[in-house]
Visitor: 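One structure follows; several queries about it will come next.
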There are 2 protein chains.
Amino acid sequence: MPTSSSITIRDVAAHAGVSHQTVSRVINGSERVSPETRQRVEEAIEALGYRPNATARFLATGRPLTFACLAPNLTDYTFASIIEGATTEARQHGYFMISASAPDDDTFATLMEQLISSRRAEGLIVINPYADGRHTRVPQDVPTVFVGARPREGAINSISLDDDAAGRQAVQHLLGLGHERIALITGPLEEDCSQDRQAGYEAALQEAGHPVDPAMILEGDWSATSGYEAVQQWLEDRINFTAIFAQNDRMAVGAIRSLRESEIRVPEDVSVIGLDDMPLASYFDPPLTTMRQDMLGIGREAARLLVTAVENPGGVHQHERFPVELIVRRSTAQKSS
Amino acid sequence: MPTSSSITIRDVAAHAGVSHQTVSRVINGSERVSPETRQRVEEAIEALGYRPNATARFLATGRPLTFACLAPNLTDYTFASIIEGATTEARQHGYFMISASAPDDDTFATLMEQLISSRRAEGLIVINPYADGRHTRVPQDVPTVFVGARPREGAINSISLDDDAAGRQAVQHLLGLGHERIALITGPLEEDCSQDRQAGYEAALQEAGHPVDPAMILEGDWSATSGYEAVQQWLEDRINFTAIFAQNDRMAVGAIRSLRESEIRVPEDVSVIGLDDMPLASYFDPPLTTMRQDMLGIGREAARLLVTAVENPGGVHQHERFPVELIVRRSTAQKSS
DNA sequence: ATGAAAGCGCTAACAT
DNA sequence: ATGTTAGCGCTTTCAT
């Protein structure tokens, strides 16, 4: 089997004594080829080591069979999982994924130009589109799925967690353990999910007849450090609370560190619940109570929606919300007396 | 600025009253265009909202300006970081990256066919090529960089940690604290890095005049669970040790969990050192002593080597090793009497 | 400095 | 069932 250096469809045709179009039919699995001819062509392909040139095919069909997936970064575990799910699912449908990190608005705009305007990719997945103004940079008429954003005006598919329900669930778990003074550490408030999780938190509290105390709500930036600092702040301000809902696991871990350093026991004195179920969440001390999100599944679904959008132009835009699953470990416990 | 739906170079040419070739010259920044003509063409481009079609350009030049990066998965923090570094660096040089996960040999082979043989990508980065037989699946003559593999025969660039030095450094740190009975949890032994880290461990021990006891060496699979189980095993076998070197952080964390459950204190009774400096390594209890590897830098360097290989065919193959940096936190301490 | 012609490797449309 | 003729949108000679 010789090298496939630059054997073209015509070389194969010559070798098999047929027209190049017949070769094209064979490699595309058309029915309209006699068995004998097909056989001869396949032998020629094998003999010459022919491999179809993807670029040429893309040009001829006008379809690059490629998606782009943009996230603030590629290393965050949640982003990476979504990307993995989307990439794998896309492949199943014949598409490859170009993923790139767009830390800011400008980078995002540049990538739009190079990826979308140049028609290098025919579909787009944007993770965290409301992290900044990037959602406004998406060109019209490009099949797109936003991940981690609420449905909005505009012709775009969206997938997100059911963040409101997640917020409620966290609070209800804590309420069920007897806690009433529940503090909240949010993510950046420009992100939909932070707002929705907070809304769920407030709703659950109010429905249970408890007040929402603004002093017990602090904004973090998803980092462990910001969770740590939120607790420091409350301690300085002498805020009383017996439980904390951190909107992600990293902030929860930071909060626990801070509590411990102040000799406050978790969960005996204060319960802490996070959200994500990040890797090793059960290996922290104490093992983290949290809410698991199916990030791989979200990524897969994003790819599925995108395939649908690309293959059925003018279709209806979909909006989905994924549920969260409570994982009770040991950072939450019954409120002590 | 109208839509760029399907404006071609010829539309622009007509609009500007020049030949399409002149438009080509303008968008490629050729010198051989008079300022006035250039001006007119640029106005036409603006007026029509023209954007060059990347696929057409690829076909004409024979260069897809795309790399592929294959890893066992996309979510592992070390892989994701390497990918992020490589993707970003590649972009700097005008290349996009298609990344995909190849959990096994067969998937890898299929991806080679779809990505490389079809000339959809012109360069290849393989993370962990010796995880299985995948390194044999890389076609000849494709510019390739192996990440996480020792230099070998064959025309391929490689980058890895200086794993041998890392193994030594871990042991020397422990030796310096007075430990002599140092147990080792390795990664899968088919991977170069596991072997090399073990070689460094053994060399450092021997140079210090201490025996290498095979009973104190157990093979893990990088997971926290395998670290946990290794310690269980030693405990059952009543092996005596005062320190553990786990070849990655996850296994270190698992080992610590196991030790604690047996009422063995870390670091008072047993010191534990890992390798990676994974996110939140400092948030475990105790904060993990480990060795940091610059995964983003490794990824960037991989992309740089690949650009060189692609742009200078027939060049020399490079092999690089990155150093590791000891991060002393609190899971290691002076051996108690 | 600019244009005309040819072709990259394939698919699509129309014959036969 | 198979071949012929045209492109896809661009770059690359080679003229002028």
Side-chain angles (χ1 to χ4, degrees), chain A residues 3-42 44-45 48-66 94 114 116-122, chain B residues 3-42 44-45 48-66 94 114 116-122:
Chain A
T3 172
S4 69
S5 55
S6 269
I7 313 294
T8 77
I9 207 176
R10 285 170 213 274
D11 299 322
V12 176
H15 190 100
V18 297
S19 80
H20 69 106
Q21 176 51 14
T22 298
V23 178
S24 173
R25 288 197 182 94
V26 170
I27 63 183
N28 287 294
S30 160
E31 293 300 303
R32 318 192 138 279
V33 182
S34 75
E36 310 83 60
T37 309
R38 175 181 306 279
Q39 165 93 13
R40 229 159 0 105
V41 170
E42 281 167 351
I45 288 176
L48 300 176
Y50 166 77
R51 291 290 176 281
N53 181 309
T55 304
R57 188 174 280 179
F58 297 162
L59 179 59
T61 59
R63 306 254 340 252
L65 298 181
T66 304
Q114 299 167 333
I116 304 299
S117 302
S118 68
R119 276 143 292 175
R120 191 166 174 152
E122 53 177 310
Chain B
T3 171
S4 68
S5 57
S6 270
I7 312 294
T8 76
I9 207 176
R10 285 169 214 275
D11 299 322
V12 176
H15 191 101
V18 298
S19 80
H20 70 107
Q21 175 49 20
T22 299
V23 177
S24 173
R25 288 197 182 95
V26 169
I27 62 184
N28 287 295
S30 158
E31 294 301 304
R32 316 192 138 283
V33 182
S34 75
E36 311 82 62
T37 309
R38 174 181 307 278
Q39 164 93 12
R40 229 159 0 104
V41 170
E42 280 167 351
I45 288 176
L48 299 177
Y50 166 78
R51 292 290 176 279
N53 180 309
T55 304
R57 188 174 279 180
F58 297 162
L59 180 59
T61 59
R63 306 255 339 253
L65 299 181
T66 304
Q114 299 167 333
I116 304 299
S117 303
S118 69
R119 275 142 295 174
R120 192 166 175 152
E122 53 177 309

Visitor: Identify, between A/Ser24 and B/Thr37, the residue whose nearest nucleotide on DNA chain C lies closer to the 5' end.
Guide: B/Thr37
Visitor: Would a distance-only check, ignoring hydrogens and angles, find a side-chain to backbone donor-acceptor pair under 3.5 Å from B/Thr22 to B/His20?
Guide: no
Visitor: Donor-acceptor pair, distance only, cut-off 3.5 Å: does the side chain of A/Asn53 make one with the backbone of A/Thr55?
Guide: yes
Visitor: Will you find, in the side chains of B/Arg25 and B/Thr37, an N or O donor that is under 3.5 Å from an N or O acceptor?
Guide: no
Visitor: List the residues meeting side chain to side chain donor-acceptor pair (under 3.5 Å) with B/Thr61, not counting sequence neighbours, and say none if there are none.
Guide: none
Visitor: Applying side chain to side chain donor-acceptor pair (under 3.5 Å), can you list everything that pairs with A/Ser118, at least two apart in sequence or on another chain?
Guide: none
Visitor: Once salt bridge (Lys or Arg N to Asp or Glu O under 4.0 Å) is applied, do any residues pair with B/Arg63, and if so which ones, sequence neighbours excluded?
Guide: B/Glu122
Visitor: Rounded at 0.5 Å granularity, tell me how far OG in B/Ser19 sits from CD in B/Gln21.
Guide: 6.0 Å
Visitor: What is the 5' to 3' range of DNA chain C, first to last nucleotide, that sits under 4.0 Å from any heavy atom of chain B?
Guide: C/dA1 to C/dG9
Visitor: Can you give me the bend angle of the helix from C/dA1-D/dT16 to C/dT16-D/dA1? Use the axis through the first five pairs and the one through the last five, nearest 10 degrees.
Guide: 30°
Visitor: Provide the start and end nucleotides, 5' to 3', of the part of DNA chain D that has atoms under 4.0 Å from heavy atoms of chain A.
Guide: D/dA1 to D/dG9
Visitor: For A/Ala60, what residues pass the side chain to side chain contact (heavy atoms under 4.5 Å, CB included) criterion, not counting sequence neighbours?
Guide: none
Visitor: Could you pick out which residue, A/Gly17 or B/Arg25, lies toward the 5' side of DNA chain D when each is mapped onto its nearest nucleotide?
Guide: A/Gly17
Visitor: Strictly below 4.0 Å, heavy-atom distances to any atom of DNA chain C: list the hits from residues 53-61 of chain A, or just say none.
Guide: A/Asn53, A/Ala56, A/Arg57, A/Ala60, A/Thr61
Visitor: Would you check if the side chain of B/Arg119 reaches a backbone N or O of A/Arg51 as a donor-acceptor pair within less than 3.5 Å?
Guide: yes
Visitor: Can you list everything that forms a side chain to side chain donor-acceptor pair (under 3.5 Å) with B/Glu42? Sequence neighbours excluded, please.
Guide: none
Visitor: What residues form a side chain to side chain donor-acceptor pair (under 3.5 Å) with B/Gln39, not counting sequence neighbours?
Guide: B/Glu43
Visitor: Quick one: side chains of residues 10-18 of chain B, donor-acceptor pairs under 3.5 Å with protein atoms, not counting sequence neighbours, listed by atom name and distance.
Guide:
| residue | atom | partner | partner atom | Å |
| --- | --- | --- | --- | --- |
| B/Asp11 | OD2 | B/Thr8 | N | 2.8 |

Visitor: Compare all side-chain heavy atoms of A/Tyr50 with those of A/Ile27 and state whether any distance is below 4.5 angstrom.
Guide: yes
